[in-house]
Amino acid sequence: MGTPVKDAIAIAKGMAVTLKELFRPPITEFYPDEPVRFQERFRGVHVLQRDENGLEKCVACFLCAANCPANCIYIEAADNTDTQRISASERYAKVYNIDYNRCIFCGYCVEACPTDAITHGHGFELASYDVSNLIYRKEQLLAPVPAGAAAADS
Ligand code: SF4
Ligand code: SF4
């Protein structure tokens with residue numbers, strides 16, 4: 001138990017914080033009526049990135065899946081051919097699924113990726129009545145083809 005003087009100082013400190021916050025502008029987000037502001041570091045739904053030519057950056061090395069503690073990334077690799085080039089490397093991810101029933105948004109997959117192919121976007125509206133909707137496929141995760149890129153269409 002503190003002395004009365006210590007208690008008074010503690011109360012004064014607390015009230016000072018309260019008083020300071022009273023004059024700050026409100027930080028309430030009026031979602032969904034207004035767009036939500038995110039910190040750049042926010043880890044939302046993943047984005048599979050493309051290079052400047054529109055090719056997929058993922059080279060199907062499986063490192064993201066191997067580092068995922070929730071075991072929620074499923075990849076099937078395939079070889080690029082002369083007639084169908086999807087990534088700039090030898091292989092590409094023919095199938096790339098992330099199961100958001102399991103993902104804990106830890107970011108380990110992003111850290112593990114040697115080509116910066118997988119990043120966190122700011123998408124967060126994942127709620128669904130059907131859990132099968134939470135398995136996101138490559139087509140849902142892929143970044144759009146950059147304007148002017150002679151992109152391969154996957
Ligand atoms: S954020 Fe974490 S849990 Fe989610 S897919 Fe990446 S490694 Fe797995
Ligand atoms: S997203 Fe990155 S780590 Fe995962 S398979 Fe593709 S290249 Fe490898």
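Both counts, for ligands and for their atoms, begin at 1 and track the order of listing.
- Of the possible polar contacts, none joining the Ser128 side chain to the Val131 backbone as a donor-acceptor pair under 3.5 Å is found.
- Nearest protein heavy-atom contact of atom 2 (Fe) of ligand 2 is Cys113 SG, 2.3 Å.
- Applying the 4.0 Å criterion to heavy atoms of Cys106 picks out, from ligand 1, the atoms 1 (S), 2 (Fe), 3 (S), 7 (S).
- For Ala60, the closest heavy-atom approach to ligand 2 falls below 4.0 Å.
- Metal site remark for atom 4 (Fe) of ligand 1: Cys109 contributes no N, O or S atom at a distance under 2.8 Å.
- Per-residue contacts place Thr115 under 4.0 angstrom from the following atoms of ligand 2 (heavy atoms of the residue considered): 7 (S).
- Side-chain contact, Ser87 with Ser89: no donor N or O sits under 3.5 Å from an acceptor N or O.
- Without hydrogens or angle criteria, Thr115 side chain to Lys57 main chain gives a donor-acceptor distance under 3.5 Å.
- Counting the atoms of ligand 2 from 1 in the order shown, those under 4.0 Å from a heavy atom of Phe62 are 5 (S), 8 (Fe).
- With a 4.0 Å heavy-atom cut-off, ligand 1 is reached by the side chain of Cys72 but not by its N, CA, C or O.
- Residues Leu126 and Val45 meet the side-chain proximity criterion, which asks for heavy atoms closer than 4.5 Å.
- Within ligand 1, counting atoms from 1 as listed, the ones closer than 4.0 Å to a heavy atom of Pro69 are 7 (S).
- Looking from atom 4 (Fe) of ligand 1 to the surrounding protein, the closest heavy atom is Cys103 SG, 2.4 Å.
- Numbered from 1 in the order shown, with element, the atoms of ligand 1 that lie under 4.0 Å from a heavy atom of Phe105 read 1 (S), 4 (Fe).
- Taking a cut-off of under 4.0 Å to the non-hydrogen atoms of Val59, the atoms of ligand 2 that pass are 6 (Fe), 7 (S).
- Counting non-hydrogen atoms of other residues, nucleotides and ligands closer than 6.0 Å to CD of Glu90 gives a total of 12 or fewer.
- Close placement of the Tyr100 and His46 rings is indicated, their centers lying within 6.0 Å of each other.
- When each atom of ligand 2 is checked for a heavy atom of Ile75 under 4.0 Å away, the hits are 5 (S).
- At least one donor-acceptor pair closer than 3.5 Å links the side chain of His120 to the backbone N or O of Gly44.
- A distance of 6.0 Å or more separates the ring centres of Phe105 and Phe42.
- In summary, the atoms of ligand 1 found under 4.0 Å from a heavy atom of Ile73, numbered by their order in the structure, are 5 (S).
- Between Arg102 and Asp99 the shortest side-chain heavy-atom distance falls below 4.5 Å.
- Of the protein's non-hydrogen atoms, the one nearest atom 6 (Fe) of ligand 2 is Cys58 SG, 2.3 Å.
- Ligand 2 lies nowhere less than 4.0 angstrom from a heavy atom belonging to Ala65.
- Under a 3.5 Å cut-off, the side chain of Asn67 and the backbone N or O of Ala112 do not form any donor-acceptor pair.
- Each of the atoms 3 (S), 4 (Fe) of ligand 1 lies under 4.0 Å from some heavy atom of Ile104.
- Taking the centre of each ring, Tyr96 and Tyr74 stay at or above the 6.0 Å mark.
- Looking at atom 8 (Fe) of ligand 2, its nearest protein heavy atom turns out to be Cys61 SG, 2.2 Å.
- For His46, the closest heavy-atom approach to ligand 1 falls below 4.0 Å.
- Atoms of ligand 1 lying under 4.0 Å from at least one heavy atom of Gly107, given by number and element, are 1 (S), 2 (Fe).
- The main-chain N or O of Pro146 is never found under 3.5 Å from a side-chain atom of Arg50 such that the two would form a donor-acceptor pair.
- Shown in contact with Cys68 at under 4.0 Å from a heavy atom are these atoms of ligand 1, numbered in order with element: 3 (S), 5 (S), 7 (S), 8 (Fe).
- In the vicinity of Pro114, heavy-atom distances shorter than 4.0 Å reach the ligand 2 atoms 3 (S).
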